[in-house]
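Notes for the one structure printed next.
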Amino acid sequence: IDSYTTIMKTIIFFAAIVAAASANTLGRQLNANQPIVNVLRDEREGPVEANYRYILETDDGTRWEEAGSPGSAGQANIQGTFAYISPDGTPIELSYLGDELGFQPQGAHLPVAPPAPAHVAELLAIAEEQRAQGIQFDEQGFRLNK
């Protein structure tokens with residue numbers, strides 16, 4: 001049993017060395033075609049509790065600004081923007097807010113849902129009438145009260 005343990009430890013040791021060497025080679029291959037990006041601006045304030053502010057700007061057109069503040073429900077609210085140049089040359093800018101209502105991104109590049117079909121408004125009106133009358137349904141859509 002003792003020699004078996006020694007053999008297993010040796011195999012694991014050499015496997016770890018091979019994995020580390022492979023990862024290092026892969027990292028060099030991935031970064032070989034990447035240009036060096038210089039940081040033009042790096043400002044950081046805080047954090048002090050939920051209050052903080054970060055600004056990062058690089059010479060390839062990437063810009064990130066974010067600020068945090070305490071929220072009314074005990075959470076940290078965040079507000080920020082992130083901008084970069086896409087591979088096809090299109091400038092992309094994303095503004096976001098994270099607060100009591102959740103994460104709220106905005107950007108011209110984000111998809112927009114199509115308008116709801118006309119019959120949806122009619123169905124919503126029927127549902128509102130049923131709620132006003134006290135009609136309830138279970139999870140499967142069967143009426144609970146008659």
Side-chain angles (χ1 to χ4, degrees), residues 5 8-146:
T5 304
M8 289 304 295
K9 286 181 180 179
T10 304
I11 290 172
I12 292 171
F13 175 75
F14 283 114
I17 289 175
V18 169
S22 298
N24 189 23
T25 303
L26 179 60
R28 280 196 303 259
Q29 290 173 352
L30 291 175
N31 293 329
N33 297 327
Q34 299 290 328
I36 294 174
V37 178
N38 297 304
V39 174
L40 301 175
R41 187 173 173 194
D42 185 358
E43 297 178 14
R44 302 165 192 232
E45 297 174 13
V48 177
E49 296 181 2
N51 295 300
Y52 68 91
R53 184 169 167 253
Y54 300 141
I55 300 174
L56 179 67
E57 191 172 350
T58 59
D59 66 357
D60 67 348
T62 300
R63 183 176 37 84
W64 174 54
E65 296 184 34
E66 183 174 290
S69 61
S72 64
Q75 82 289 346
N77 289 345
I78 61 166
Q79 183 172 3
T81 59
F82 184 77
Y84 65 96
I85 306 299
S86 72
D88 68 1
T90 306
I92 303 292
E93 184 164 333
L94 175 74
S95 298
Y96 55 91
L97 175 66
D99 62 9
E100 296 84 1
L101 302 176
F103 182 66
Q104 304 159 54
Q106 294 182 350
H109 65 290
L110 296 176
V112 177
H119 71 277
V120 171
E122 183 180 331
L123 293 173
L124 291 172
I126 292 170
E128 186 58 38
E129 286 176 24
Q130 290 174 336
R131 274 192 292 279
Q133 296 170 9
I135 298 172
Q136 296 177 341
F137 297 89
D138 66 12
E139 297 84 24
Q140 296 177 341
F142 294 105
R143 188 170 173 171
L144 294 174
N145 49 4
K146 300 198 186 220

Using only atom types and a distance under 3.5 Å, with no angle test, would you say the side chain of D59 pairs donor to acceptor with the backbone of N38? yes

Grab the two heavy atoms, one from G71 and one from N77, that are nearest each other, plus how far apart they are. CA-ND2, 3.5 Å

Within a reach of under 6.0 Å around CD1 of I36, are more than 12 heavy atoms found that belong to other residues, nucleotides or ligands? no

Taking all non-hydrogen atoms of both residues into account, name the closest pair between D138 and Q140 and its distance. OD1-N, 2.9 Å

Got a sec: does the CD of Q106 have more than 12 other heavy atoms crowding it under 6.0 Å? no

Can you name the residues that form a side-chain hydrogen bond (donor to acceptor under 3.5 Å, both in side chains) with T62, not counting sequence neighbours? D60

Could you check if a side-chain atom of P70 sits within less than 4.5 angstrom of a side-chain atom of E49, using non-hydrogen atoms only? no

Distance from T58 atom OG1 to W64 atom CH2, nearest 0.5 Å? 12.5 Å

According to ring-ring contact (aromatic ring centres under 6.0 Å, His included), who are the partners of F137, at least two apart in sequence or on a separate chain? none

Could you tell me which non-hydrogen atom of F103 sits nearest to which non-hydrogen atom of Y96, and how far apart they are? CE1-CB, 3.5 Å

Regarding Y54 and E45, is there a side-chain donor-to-acceptor distance under 3.5 Å anywhere? no

Going by side chain to side chain contact (heavy atoms under 4.5 Å, CB included), name the residues that satisfy it together with R41, two or more places apart in sequence or in a different chain. E43, R53, I55, E57

Indicate every side-chain donor-acceptor pair of residues 112-131 with a distance under 3.5 Å to a residue at least two apart or in another chain.
from	atom 1	to	atom 2	distance (Å)
E128	OE1	R131	NH2	3.0

So, using side chain to side chain contact (heavy atoms under 4.5 Å, CB included) as the criterion, who are the partners of V48 when residues are at least two apart? none

Can you name the residues that form a side-chain hydrogen bond (donor to acceptor under 3.5 Å, both in side chains) with N51, not counting sequence neighbours? none

Do you know the tightest heavy-atom contact between E100 and A73? OE2-N, 3.9 Å

Can you find a pair of side-chain heavy atoms, one from I78 and one from E66, that are under 4.5 Å apart? yes

Under a 3.5 Å threshold, yes or no: a donor from one side chain and an acceptor from the other, between D99 and Q75? no

Please round to the nearest 0.5 Å and tell me the distance separating atom OH of Y52 and atom OG of S69. 8.5 Å

How far does CD of Q79 sit from CG of L97, to the nearest 0.5 angstrom? 5.5 Å

Do Y84 and E93 meet the criterion of a side-chain donor-acceptor pair at a distance under 3.5 Å? no

Approximate separation, where rounding is to 0.5 Å, of H109 NE2 and S86 OG: 10.0 Å

